[in-house]
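The structure under discussion appears below in the form of structure tokens.
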Amino acid sequence: MIYHGNRFTFRADADPERVEEALESLREQGRAIPAVRSFVVGPDHGGDYDYGAVFVLADLDGYQEYLVHPAHLATDRVGLPLVDRFASFDITDDPDPGLAERIAELHRRRYDGMPDIAALVSGLGEYRGSAAPGPHGERVRQ
């Protein structure tokens, strides 16, 4: 299993109605993407971010489906313009030491094939995660 998490803080000037739209879009991707086994979206308590989301995926095939699904892309296009700081991370029970690099490759392919999404991520004030595009550089933890 792979627990794919996101933690984020919206820009101070983000319109509250658009923030709610972005949070609902995250919930919708949890409901709409068949590969998502379970999910949670809500306030991030005890951390340096305001909100978080976790999506449970069975394997890398499900992860790929999640990354390119129209519901996920809609969330990126609605939400990322409102975000200042963003962290993406994965927790898994898979003991394969190469899994982090394979996850990063999924992200790289997505950014390479979807330049508008790569540009949105590149424009964030802070981004931490697999295969970070643009000025945020490559960050893969193994």
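No hydrogens, no waters, no symmetry mates; every other heavy atom, side chains included, goes into these values. None of these values were measured; they are calculated from a predicted model.
The shortest side-chain heavy-atom distance between E101 and S130 does not fall under the 4.5 Å cut-off. Between V121 and D76 the shortest side-chain heavy-atom distance does not fall below 4.5 Å.
Salt bridge annotation for E24-R31: present, with a cationic side-chain nitrogen under 4.0 angstrom from a carboxylate oxygen. Electrostatic pairing of R18 and E20 does not count as a salt bridge here, judged by no charged N lying under 4.0 Å from a carboxylate O.
Relative ring orientation between F10 and F8 is described as perpendicular, the plane-to-plane angle rising above 60° on a 0-90° scale split at 30° and 60°.
Remark: Q64 pairs with no residue by the side chain to side chain donor-acceptor pair (under 3.5 Å) rule, at least two apart or across chains.
Surrounding CZ of F39 are more than 12 heavy atoms belonging to other residues, nucleotides or ligands, all under 6.0 Å away. Within 6.0 Å of CZ in R109 there are more than 12 heavy atoms belonging to other residues, nucleotides or ligands.
Remark: D84 CG to Y49 OH distance equals 10.0 Å, nearest 0.5 Å. Atom CG of D116 and atom CG of L80 lie 10.0 Å apart (nearest 0.5 Å). Taking CG of D59 as the start and CZ of R37 as the end, the distance is 7.5 Å to the nearest 0.5 Å. One distance of note links CG of D112 with CD1 of I117; it measures 13.5 Å at 0.5 Å rounding.
In this structure, R7 is not positioned above the aromatic face of Y51 in the sense of NZ or CZ being under 6.0 Å from the six-membered ring centre and within 45° of the axis.
Side-chain polar atoms of R77 and H72 form no donor-acceptor pair below 3.5 angstrom.
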